[in-house]
Amino acid sequence: MVITGGRTLRGRVRAAGAKNAALPAIFASLLTSEPVVLLRVPRLRDVQTALELVQALGKEVYWQGEELELREGAPPPPVAPEAPVRRMRASFLVLGPLLARRGQARVPHPGGCAIGPRPVDLHLKGLAALGADIQARQGWVEARATGLVGRTVYLDFPSVGATEQLLLAGALARGETVILNPAREPEVVGLGRLLSAMGAEVTWGEDRVVIRGRKELAGTRWQVIPDRIEAGTYLLAGAITGGRVRVEGVVPRHLAALLVKFEQAGLEVQQGEDWVEVAACGRARGVHLETGPYPGFPTDLQPPMVSLLAVAEGESSVTERVFASRFGHVGELLRMGARMRLQGATLLINGVEELTPARVRAPDIRAGAALVLAALAARGTSKLEGTDHLARGYQGLPQKLQALGAEVELCRMDSC
Ligand code: UD1
């Protein structure tokens, strides 16, 4: 991607459906033999990977614009294909549905990824508590259960994936599954709503979520929630270029932690029922923040926020509490003239007035977004490699940025 920075971004952009809500919803379709129709599904590479996986597990896939219908061609076999699971960690969520439907499942272990080791021990402990016998063999996880039974499971950390895994399995378990210390991210709550629409009963308490399983679940039509991470990224793109960007079709309270930081940074924030607008009159001021489980500051917005703070006035600090080694963007930002250093899980930033354009490489999805933002702010032409990561998570990124006034071009390696 070739980006000529220094332009002020202004205008409106519509948020896509959330990738992280669409993926578990696609896997939830494996819980029923009836059709599931999902609305506002983003056309992303990760969604394609999820569809490749459920197709291998017997689903037929029909697209109509942003509407996706999943119909059962054949009941799912108990073994998940290797390639899509190794390509995308979220694929591991098929374990619960396959186990619940078939009484056995064999799924590749998803391993680590660019943002550090990402174990699945909480998923496995939870499924074991529901009665599954689980073995790890040569890179595969094998699980068996003669009927899952609802139990109380305590999560040591409110893991998004583990909560989703247990909601999915619990939806077809006998009796009530109680998850203590669950993740409360909007995408997780969204999955709970989808499962309720399919016939399971999901209720949220102060410290728990309870799911009452059903013997069989029904099909449904369900709308994917807006992508708060994508929305936040465009707001940050406006802010870093000293512009004014409105993102429409969002749930403003899902962005509350980011908006508070914008206000602390001296930016002007306005919001309506389903839109948020952020304007920068001059440079942002440095702020201090920690990422954390929702409603904390989202770890997925930490990398692009770091780009903003790299050019903010004064000092900032950013402590990463969810993925300790998620700082793949820092080395590249240093090459663009940022002044920052890591101290354990905390990044200490001294804001500079300007970044300099450079040739940089995106190591993962959100670090890629951070580098796009940095390049938008750096006067001159930057070249970003590794844009396939961006295609995993941002629908029509170059087009949306162009509509806001950015000079962005996607090109083939040999023509750059
Ligand atoms: C999901 C999101 C990801 C986001 C993250 C945190 C999807 C597809 N991905 O990832 O974009 O950054 O939530 O909001 O929705 N952990 C364990 N054991 C486990 C599971 C997790 O130790 O069994 C740890 C992880 O290593 C990490 C922390 O818990 O340090 C959070 O992970 P988790 O909330 O599970 O994130 P994901 O579901 O992988």
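As the structure lists them, so they are numbered: ligands from 1, and atoms in each ligand from 1. The structure presented is a predicted model; accordingly, all values stated were derived computationally and were not measured. Sequence positions, counted from 1, serve as the residue numbers for this chain.
In this structure, a donor-acceptor pair under 3.5 Å is present between the side chains of Tyr394 and Arg366. A donor and an acceptor atom, one from each side chain of Arg359 and Ser382, are nowhere located under 3.5 Å apart. Side-chain contact of Tyr62 with Gln64: a donor-acceptor pair under 3.5 Å is absent, judged by distance alone. For the residue pair Glu201/Ser196, the side-chain donor-acceptor check at 3.5 Å is not satisfied. No hydrogens or angles considered: nothing links the side chains of Thr291 and Gln302 as a donor-acceptor pair under 3.5 Å.
Both the backbone and the side chain of Leu122 come within 4.0 Å of ligand 1, judged by heavy-atom distances. With a 4.0 Å cut-off on non-hydrogen atoms, Lys125 does not touch ligand 1 at all. Proximity of Ile229 to ligand 1, defined as any heavy-atom pair under 4.0 Å, is not found for any part of the residue.
Looking at Glu164 next to ligand 1, no N or O pair under 3.5 Å apart turns up. The distance criterion of under 3.5 Å between nitrogen or oxygen atoms is met by Gly161 with respect to ligand 1. In terms of polar-atom proximity, Val160 is counted as a contact of ligand 1, with an N or O under 3.5 Å from an N or O of the ligand. Polar contact check, Pro158 against ligand 1: no nitrogen or oxygen pair lies under 3.5 Å apart.
Under a 4.0 Å criterion applied to the non-hydrogen atoms of Val120, ligand 1 contributes the atoms 19 (C), 23 (O). Contact atoms of ligand 1 toward His123: 23 (O) (distance under 4.0 Å to a heavy atom of the residue). Counting the atoms of ligand 1 from 1 in the order shown, those under 4.0 Å from a heavy atom of Phe157 are 28 (C), 29 (O), 31 (C). Residue Arg326 approaches ligand 1 through these ligand atoms, each under 4.0 Å from one of its heavy atoms: 12 (O). Those atoms of ligand 1 with a heavy atom of Ala90 less than 4.0 angstrom away are 8 (C). Close approach of ligand 1 to Thr299 (heavy-atom distance below 4.0 Å) involves ligand atoms 6 (C), 12 (O), 14 (O).
For atom 21 (C) of ligand 1, the nearest non-hydrogen atom from the set Pro298, Ser159, Ala183 comes from Ser159. Among Asp121, Asn20, Leu301, Asp46, the residue whose heavy atom sits closest to atom 17 (C) of ligand 1 is Asp121. Nearest to atom 20 (C) of ligand 1 by heavy-atom distance, out of Ala162, Pro119, Gly296, is Pro119.
For the pair Glu187 and ligand 1, no heavy-atom separation below 4.0 Å is found. Every heavy atom of Glu320 sits 4.0 Å or more from the atoms of ligand 1.
No side-chain heavy atom of Phe297 sits under 4.5 Å from any side-chain heavy atom of Val318.
Between the Glu248 side chain and the Arg14 main chain, no donor and acceptor come within less than 3.5 Å of each other. Looking at Thr32, its side chain does come within 3.5 Å of a backbone N or O of Glu34 through a donor-acceptor pair. With hydrogens and angles ignored, the 3.5 Å screen pairs a side-chain donor or acceptor of Ser307 with a backbone N or O of Ala370.
Remark: of the listed residues Arg101, Arg71, Glu216, Arg101 is the sole one forming a side chain to side chain contact (heavy atoms under 4.5 Å, CB included) with Ser33. Exactly one residue among Glu385, His389, Glu332 makes a side-chain hydrogen bond (donor to acceptor under 3.5 Å, both in side chains) with Arg361. That residue is Glu385.
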